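I have placed the structure first, in the form of structure tokens, so that the comments after it can refer back to it.
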Amino acid sequence: MGGSTLTPATLIVERDGLDALIGELRAQHRTVLGPLVRDGVITHGEVTGIDDLPIGWTEQQSGGTYRLQPTGTDEIFAFSTPSESWKRYVHPPRALMLRARREGPAITVETPRPEPEPVAFFGVRSCDLAALGILDRVLLDPEATDPNYAVRRSDIFIVAAGCSTPAATCFCASMQTGPSPTSGFDLSIAELKGSEPLSYLIAAGTERGAEVLGLLPGRSATAADHEHATAVHDQAVAAMHRTLDAADPPRAAAAPEHPQWNDIAERCLACGNCTMVCPTCFCSSVEDTTSLDGNHTDRTRVWDSCFGLDFTHMHGGPTRTSIASRYRHWLLHKLVTWQDQFDSSGCVGCGRCITWCPVGIDLTAEIPKLARAATEVAP
Amino acid sequence: MTDIAHRLLAMPALATFDQKVVDVLASQARVVSVPAGQRILTEGDPADTFHIVLSGRVAIEINSPNAGPIAIETLEPGELLGVSWMLPPYRCTFDARVTDAAELIAIDAVALRAAADADPALGYALFKYVAGVVRDRLQAARVQVLDLYRGRDD
Amino acid sequence: MTDTAAAVNAPSPMEPSMYRVTARDVESHDTVTLTLAPMADALPAPNPGQFFMLWAFGIGEAPISVAGVTADGSIVHTIRAVGAVTDALVALRPGDPVGMRGPYGTSWPVDAAAGADVLVVAGGLGLAPVRPVIDAIAADPSRFRSRRVLIGARTPGALLYPGASARWESQGVAVQRIVDRAGPDWTGPVGLITKLIEQSTLSEHTHAFLCGPEPMMRFSAMALIDQGVPPEQIWVSLERNMHCAYGHCGHCQLGSLFVCRDGPIVSWAAAQAVVRIPQR
């Protein structure tokens, strides 16, 4: 934490303070991206003031279901995870990697790099903050760096927002990634649900965060304010009923051929939705597209999903032909082999894969079944 | 112990055999030298002799009118040539042709069958030997069916 | 936290270097060996077992193992036409440009085999990725206690590098070849390559380098273990779909391995658990 004696580390603001915060970030020439209601969901997009935020909205999420609902309050952060994570802003679904031209015998190649664009991520949930850290470990690995990711990641002012209203699909507490942000932000907002007037405890996590905080209208936080924030946090933890026992995924991995995998495969459509909405799934394809005259080629990196049959195609055919083998690969990568590769789980407990699965497959329900199955087959 | 018994015992596949079994084998055996190109077993003929390769190489072949004789496996020193002598109808199922001048131990299968029938312990020892060879050749045939080295256009 | 500022200025990992085909040797109806020389700056020299991403302009990229490096630093690749990209690569002619990036992946631990008995087991096109190992052991007889190479192929006509095989033998390497089926012109052995393994004298001092179709490597590794070769001294070259070759695209994952980065060369001790789980 880069605290300065001249600027406050915490501040209590009301709605006008949040509006001023967005205004200040925009005054810094940042594009402010935050939660908003669009297409029947709470998702992310550019926000210019607090009126763009999902004031008075929450949502109901469960396996295969998402429904917007009014709260009847003027709370701003009474929702849980937006339908999409921040992945698309740092690791876009399509990115130009290379452009090549052939003139006679000569081939010229350029590898375009995105323009650094100052942005602010406003209202980042703790689970999504953890997911950004996981993507960093994959795509900023010193042994293999994606410079385009680095450019997009290089100047993001992060305003996190603690989660007071977890969805039924959430399990961040058991993944130890939430519901309240603890690091990796410039500023972090806690909505003091039920306070009169409705106020927000903002904490600075960096020097530049503290500087912005010093420009906002507000008052010092009292011990009572901190207790209020703690109570909101505790209620959120208590409201989360899904869990994932860290001991279970390795057990499931020990039974890769158990029939329970086929039981899942009979429901799984291999649509890949879970991988698209997952905030950490990073897999991609590299595609060369060539002009009709054969002289211009664009190489694009496109999000891909390990649920696709072509994903493992080699001469002689794909190596994971059954849906069971593909689901198993996805789940065990996310929860088990990710640990071997990147020293963390690949899952942050955001629950999006449950909500956006068309048939409502719930990994928190499947993992214990697979883990039990493993103990049954053990000698 | 006879010279042939010594040579039989020196083979890894037979090293675990009882001295008694080896003596019975040796009593029905003689060493033959066969020049390259000569056929020693013919598909459909009675399987009244089997061989153990001492040196050289023997190919097991299938003849086909358009492809000619195709070698499906070769037998190297120490390997058993012929398993059909063990089971009715005692008939050779493939051709065998020497491809590299060979010295072989030829064993009278008819006499050995009679000895095995009379002594189940001897029969069991021989059966285990032959069954192991059959298992290895079955595995080889199955893997060959996969045609692992095939290219897209082969 | 990772150093984002430095990463911003890192070179693009997708940037190819342009090479030119300087020789094209036809190995069979679908396989050629290309010698590739840099047009400008050369890429770093590969270690035995590593691979490059080869780019056919307008078509795409494919990972191809290095089959050799010439005295002047040109890279030798043996390529079989099995898809759109390899069709285009096989069709290249001397003078044609080809993009390359790499080298990528792990390498055959030849140095660790110094003083030991070296056994190379190669099946089909798998001879290409172990060829640098054979060239290395052939050139340096005093470093190894013994040197043996077993080569399997579909038919006698499909055996790669007949000229090089003769040279290795003249350099004192024991080379044995076996084919799946043969006509009367072939007097050598016919059958599985494991037959040659069973006839070799092996021990805990053997270091084995295996390359070929996965079932062939599995059966070979089992035959080696039966003869007392420790799994840690058996090395295999794995193959999976690859798009990026630097661990970002995810396609090549096999268990915990990114085959592009943690492979392609993996010890049997590490590979056996993942390659024995049926993926279908």
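Just so we're clear, the structure is a prediction, and the values are computed from it rather than from any experiment.
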query: Checking heavy atoms, do the side chain of A153(C), its backbone, both or neither come under 4.5 Å from chain B?
result: backbone

- prompt: Quick one: CG on D154(B) to CG on D30(C), what's the gap to the nearest 0.5 Å?
  reply: 5.5 Å

message: Just checking R142(B): does its CZ atom have more than 12 heavy atoms from other residues, nucleotides or ligands closer to it than 6.0 angstrom?
response: no

message: Using a 4.5 angstrom heavy-atom cutoff, name the option from P189(C), P215(C), G124(C) with the most pairs to chain B.
response: P189(C)

field: Most chain B-contacting option - heavy-atom pairs closer than 4.5 Å, from G183(C), A81(C), G126(C)
entry: A81(C)

query: Under a 4.5 Å heavy-atom cut-off, does chain C meet the side chain of A140(B), its backbone, both or neither?
result: both

field: Heavy-atom closest contact (P69(B) atom, P184(C) atom, distance)
entry: O-CD, 3.5 Å

message: Please check this pair: side chain of R57(B) against backbone of T187(C), looking for a donor-acceptor N/O pair closer than 3.5 Å.
response: yes

query: Taking the side chain from E73(B) and the backbone from V190(C), do they hold a donor-acceptor pair closer than 3.5 Å?
result: no

- line: Counting heavy-atom pairs under 4.5 angstrom with chain C, the leader among D100(B), I60(B), I72(B), L146(B) is I72(B)

query: Atom OH in Y149(B), atom CG in D180(C): separation rounded to 0.5 Å?
result: 6.0 Å

- prompt: Under the 3.5 angstrom rule, does the side chain of K195(C) hit a backbone N or O of E76(B) as a donor-acceptor pair?
  reply: no

task: Specify the closest pair of heavy atoms between R150(B) and R80(C), including all atoms of both residues, with the distance to one decimal.
output: O-NH1, 3.4 Å

- prompt: Side chain, backbone, both or neither: which part of E79(B) has a heavy atom under 4.5 Å from chain C?
  reply: side chain

field: Proximal component of D87(C), with respect to chain B [non-hydrogen, under 4.5 Å]
entry: side chain

Check: L192(C) and Q144(B) side chains under 4.5 Å, non-hydrogen atoms: yes

message: For chain B, which candidate among A182(C), A158(C), G191(C) shows the most heavy-atom pairs at distances under 4.5 Å?
response: A182(C)

- prompt: Do R154(C) and D147(B) sit within salt-bridge range, that is, some charged N less than 4.0 Å from a carboxylate O?
  reply: yes

- prompt: Which distance, rounded to the nearest 0.5 Å, do you find between the CG of L148(B) and the CE of M216(C)?
  reply: 9.0 Å

- request: Find the distance between CD1 (I70(B)) and OG1 (T155(C)) and round it off to the nearest 0.5 Å.
  value: 11.0 Å

